[in-house]
Protein chains: 4
Amino acid sequence: MTLDPDISTPLWRQLVDVLVARIEDGTYRKGGRLPSEVSLQQEFGVARGTVRHALQHLVAEGIAETTNGKGTYVKP
Amino acid sequence: MTLDPDISTPLWRQLVDVLVARIEDGTYRKGGRLPSEVSLQQEFGVARGTVRHALQHLVAEGIAETTNGKGTYVKP
Amino acid sequence: MTLDPDISTPLWRQLVDVLVARIEDGTYRKGGRLPSEVSLQQEFGVARGTVRHALQHLVAEGIAETTNGKGTYVKP
Amino acid sequence: MTLDPDISTPLWRQLVDVLVARIEDGTYRKGGRLPSEVSLQQEFGVARGTVRHALQHLVAEGIAETTNGKGTYVKP
DNA sequence: GTGGTCTAGACCACA
DNA sequence: GTGGTCTAGACCACG
């Protein structure tokens with residue numbers, strides 16, 4: 001899975017879309033843990049800040065919840 | 001009694017404040033023993049490392065004293 | 001350089017001794033930066049917590065100084 | 001699985017025998033990790049000192065190897 | 001890409 | 001059954 005650096009949509013937003021899609025199709029289960037920031041960084045080939053931005057967006061939207069030292073979880 | 005994971009103050013520092021307050025109001029008496037690390041861990045819902053960090057801070061400030069195998073005591 | 005897991009001296013204390021020795025023999029210069037926590041972790045084959053414990057000991061003794069996001073420096 | 005507190009063989013030695021048997025029959029694989037001290041303590045209903053004594057015996061005999069913070073492993 | 005905080009859980013040493 | 005050490009690996013804040 002790779003993102004497209006050329007189109008106008010910001011990378012972090014493309015990433016949000018991918019993550020939301022994966023939550024909806026069950027790749028990431030509700031109540032389950034998302035991959036770590038480093039994993040996502042590597043999988044999508046983006047900077048860590050981008051990953052953090054995307055995850056914080058999910059948290060702000062109430063889709064996910066993050067716990068220090070444990071990871072980011074999909075809300076049920 | 002619970003700590004607040006949202007505000008910027010580190011959990012261990014919040015814990016220090018609570019312990020100091022309890023020493024000052026007499027909940028933990030001078031010369032008496034503080035609850036064990038495991039007790040505090042359970043009461044405040046944090047990891048043992050966080051509890052230890054807070055207790056070591058009290059020791060560094062000369063407020064408490066710790067003895068291996070016995071516990072942590074409030075200095076008179 | 002490796003540490004000895006068998007003897008009773010804690011690993012973090014052995015690490016303190018090595019770092020102090022390197023400061024004294026000029027391997028790490030006064031005013032210069034120490035290797036990052038991750039580097040030391042790899043060089044000595046210990047966990048990052050152990051490295052941090054050793055570095056914080058140097059800071060507590062006034063031998064080094066640490067700046068968030070930049071590194072740990074030997075005091076002149 | 002329970003041990004027999006009545007017979008003259010010390011509990012820790014009975015425990016050693018059980019562990020060795022389990023290594024030989026493959027319940028605990030060579031190179032694999034033994035259950036934690038607390039697990040064994042609960043499974044066999046013995047004190048922690050007994051478990052530690054038995055494990056240290058395995059280590060002394062070169063059957064197992066223990067690493068602080070990780071567990072006790074069966075040597076290949 | 002550094003240091004800072006935190007979690008979870010193991011074994012170690014003391015009493 | 002306490003505190004002491006250690007591992008492994010996560011997210012956070014700074015630069």
Side-chain angles (χ1 to χ4, degrees), chain A residues 33-41 47-49 51-52 55-56 59 65-73, chain B residues 3 5-6 8-15 33-41 44-56 59 64-73, chain C residues 3 5-6 8-15 33-41 44-56 59 64-73, chain D residues 33-41 47-49 51-52 55-56 59 65-73:
Chain A
R33 214 195 69 184
L34 293 176
S36 76
E37 293 184 347
V38 171
S39 301
L40 293 171
Q41 176 186 178
R48 179 131 139 266
V51 173
R52 286 179 57 70
L55 290 177
Q56 281 165 16
V59 170
E65 195 166 20
T66 192
T67 307
N68 195 340
K70 288 174 65 180
T72 301
Y73 289 79
Chain B
L3 305 178
D6 288 335
S8 66
T9 311
L11 283 177
W12 67 265
R13 188 163 284 282
Q14 294 181 49
L15 186 48
R33 214 194 71 183
L34 293 176
S36 74
E37 294 182 347
V38 171
S39 301
L40 292 171
Q41 173 187 176
F44 293 99
V46 296
R48 188 175 158 221
T50 305
V51 173
R52 284 182 60 73
H53 201 124
L55 290 177
Q56 283 167 17
V59 170
E65 200 164 18
T66 193
T67 308
N68 190 338
K70 288 176 64 180
T72 302
Y73 291 78
Chain C
L3 305 178
D6 288 337
S8 65
T9 311
L11 284 176
W12 67 266
R13 188 163 284 284
Q14 294 181 49
L15 186 48
R33 214 195 70 183
L34 293 175
S36 75
E37 295 182 346
V38 171
S39 301
L40 293 171
Q41 173 187 177
F44 293 99
V46 296
R48 188 174 158 221
T50 305
V51 173
R52 283 181 61 72
H53 201 125
L55 290 178
Q56 283 167 17
V59 170
E65 200 164 18
T66 195
T67 308
N68 190 338
K70 289 176 65 180
T72 302
Y73 291 78
Chain D
R33 214 195 68 183
L34 294 176
S36 75
E37 295 184 347
V38 170
S39 299
L40 292 171
Q41 177 187 175
R48 177 130 142 264
V51 173
R52 286 179 57 71
L55 290 177
Q56 281 166 16
V59 171
E65 195 166 20
T66 193
T67 307
N68 196 341
K70 287 174 63 178
T72 302
Y73 289 78

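Every heavy atom of this structure was used, including side-chain atoms; hydrogens, water molecules and symmetry mates were not. Chain letters run A, B, ... following the sequence lines, proteins first and then strands; every chain starts at 1.
- Using a 4.5 Å cut-off on side-chain heavy atoms (C-beta onward), B/Leu40 and B/Leu55 make contact.
- Across the interface with DNA chain F, nearest-nucleotide mapping of D/Lys70 and A/Asn68 shows D/Lys70 to be the residue nearer the 5′ end.
- Side-chain contact between A/Val38 and A/Gln41 is present, with at least one heavy-atom pair separated by less than 4.5 Å.
- Stem list for DNA chain F (at least 3 consecutive Watson-Crick or G-U pairs, distances under 3.5 Å): E:1-14 with F:1-14.
- Each of B/Leu34 and D/Gly69 was matched to the nucleotide of DNA chain F holding its nearest heavy atom; the match closer to the 5' end belongs to B/Leu34.
- Contact between C/Glu37 and C/Arg48 at its shortest, heavy atoms only, is OE1-NE, 2.8 Å.
- Of the two residues near DNA chain E, D/Arg33 and C/Pro35, the one whose nearest nucleotide lies more 5' is C/Pro35.
- The two residues B/Val51 and B/Leu15 come nearest to each other via the heavy atoms CA-CD2, 3.8 Å.
- Taking CD from B/Gln56 and NE2 from C/His53, the interatomic distance works out to 6.0 Å, rounded to the nearest 0.5 Å.
- Shown are B/Leu11, B/Thr9, B/Thr50; of these, the side-chain contact (heavy atoms from CB on, under 4.5 Å) with B/Leu3 is made only by B/Leu11.
- Projected onto DNA chain E by closest heavy-atom contact, D/Arg48 and B/Trp12 fall at different nucleotides, the more 5' of which corresponds to B/Trp12.
- The side chain to side chain donor-acceptor pair (under 3.5 Å) search around B/Thr72 returns B/Thr66, not counting sequence neighbours.
- For DNA chain F, the span of nucleotides reached by chain C at under 4.0 Å from its heavy atoms goes, 5' to 3', from F/dT5 to F/dG15.
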